[in-house]
There are 2 protein chains.
Amino acid sequence: MDSKDKLRKAGLRPTKQRMIIANILLDGVNRHFTAENLQDEINSSGNSMSIATVYNCLKKFRNCGLIKQIETSNDTAIFDTNTHQHHHFLNEETGELIDIEDDEINLKSLPKIPQGYYSNGVEVLIKLKKQD
Amino acid sequence: MDSKDKLRKAGLRPTKQRMIIANILLDGVNRHFTAENLQDEINSSGNSMSIATVYNCLKKFRNCGLIKQIETSNDTAIFDTNTHQHHHFLNEETGELIDIEDDEINLKSLPKIPQGYYSNGVEVLIKLKKQD
DNA sequence: AAGTAGTTTAGAATGATTTTAAAGTGAAAA
DNA sequence: TTTTCACTTTAAAATCATTCTAAACTACTT
Ligand SMILES: [Mn+2]
Ligand SMILES: [Mn+2]
Ligand SMILES: [Zn+2]
Ligand SMILES: [Zn+2]
């Protein structure tokens, strides 16, 4: 399935700009990135795109479930092409994130979800500090 | 132990401004708040403080372990007076956070911490959506 | 009382993200 | 195929949380 089909299937009109981004992000390789990271990759692929469009596309991709945004109090939003439930180590000094696969963490006994709500995902974050 | 002693014990010089904040935050009641929330409380307590000082104090308090900052991709930093390890439900629509006590979640089999690092805290976030 | 490092502050600066509004474009209808 | 129009892109301005600057202040030590 090519990028155009992936966009159509996600309900997004396949514009030139979204195709460029889909070609970079939806290659099956898991990556964590910021809007600026992505714009740099777009530039080095010989294309260019306004930062407003990068943000517009990331929001659309996120709302469609093509990517997700990681819950971190970093001052720059970090996105993730791994859309399966999984978790992260966070190096608080550098901001670096490392994936933890879902089966590496055994979450027994989740608390009762408040009345009228349902769980829309569980994220475990393990904050790391350098020894000594 | 009064606010002055708590500040001294934490290694902070007890200034007028830090006392005002300590009186509000360190009363044993758990709360989640932003810098602006806190400034509003300061104002309604009959005091006033520049927003720079609010941020300065919050950073000092956080670095001393008197409060902590919650890992959330909210665009405004959220602080927590509950400094014990615990977890949260996040209502993604409203940004509201609800505490989950540490013993309500059973985290068996944590993954191996990367070489040269140690775990500086585990945060579980359960994202909630409204039913229907 | 004097000295000094640490603190507060108003206001400016920063930096990520969003908004604006005008021009462009994809897809459906005619 | 041409027309149409809602959706998209863009540069530039705006927004907004947070940090910085530099001058005035203050808690503690001597
Ligand atoms: Mn922030
Ligand atoms: Mn943000
Ligand atoms: Zn990941
Ligand atoms: Zn809490």
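Reminder, nothing fancy here: chain letters follow the sequence lines and each chain counts from 1.
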Glu123(B)/Lys68(B) ion pair, N-O < 4.0 Å
no
Just checking, is any N or O donor in the side chain of His32(B) or Asn37(B) under 3.5 Å from an acceptor N or O on the other one?
no
Atom-pair distance (CD on Gln39(B); P on dC16(D)), nearest Å:
16 Å
Between Gln69(B) (CD) and dT19(D) (P), how many Å, whole number?
9 Å
For residues Ile113(A) and Val124(A): do they belong to one hydrophobic cluster (side chain heavy atoms under 4.5 Å, members Ile, Leu, Val, Met, Phe, Trp, Tyr)?
yes
Ser119(A) versus Ile126(B), closest heavy-atom pair with distance:
OG-CG2, 3.8 Å
Would you kindly give the CG-to-P distance between Asp75(A) and dT17(C), to the nearest whole Å?
8 Å
Heavy-atom neighbours of Lys60(A) NZ exceed 12 at 6.0 Å
no
Grab the CE-C1' distance between Met19(B) and dG6(C) for me, whole Å please.
17 Å
Minimum heavy-atom separation for Val54(A) and Ala35(A), please, with both atom names.
CG1-O, 3.6 Å
In whole angstrom, give the distance that lies between atom CG of Leu38(A) and atom P of dT17(C).
12 Å
Gap between atoms CZ and P, on Arg18(B) and dA27(D) respectively (whole Å)
11 Å
Hydrophobic cluster identity match, Ile51(A) and Leu58(A), side-chain contacts under 4.5 Å:
yes
Is any side-chain N or O of Gln17(A) closer than 4.0 Å to OP1 or OP2 of dT10(D)?
yes
To the nearest 0.5 angstrom, please state how far the CG atom of Leu25(A) sits from the CZ atom of Phe33(A).
4.5 Å
Quick one: Glu36(A) CD to dT17(C) P, roughly how many Å, whole number?
9 Å
Leu90(B) and Asn74(B): side chain to side chain contact (heavy atoms under 4.5 Å, CB included), yes or no, with the steps?
CA-CA 10 Å; Leu90(B) 169 65; Asn74(B) 201 299; 5.8 Å; no
Gap between atoms CG and C1', on Asp40(B) and dA17(D) respectively (whole Å):
15 Å
Nucleic acid contacts of residues 48-61 of chain B, taken as heavy-atom distances under 4.0 Å to DNA chain D
Ala52(B), Tyr55(B), Lys59(B)
Sorted by number, the residues of residues 7-15 of chain A with heavy-atom contact under 4.0 Å to DNA chain D:
Arg13(A), Thr15(A)
For the residue pair Met1(B) and Arg8(B), establish whether any side-chain heavy-atom pair is separated by less than 4.5 Å.
no
Could you write out DNA chain C as a dot-bracket string, with dots for unpaired bases, | for bases paired across to another strand, and Watson-Crick or G-U pairs counted at under 3.5 Å?
||||||||||||||||||||||||||||||
Return whichever of Phe79(B) or Lys4(B) has its heavy-atom-nearest nucleotide of DNA chain D closer to the 5' end.
Phe79(B)
Can you see whether His86(A) engages Asn30(A) through a side-chain donor-acceptor pair at a distance of less than 3.5 angstrom?
no
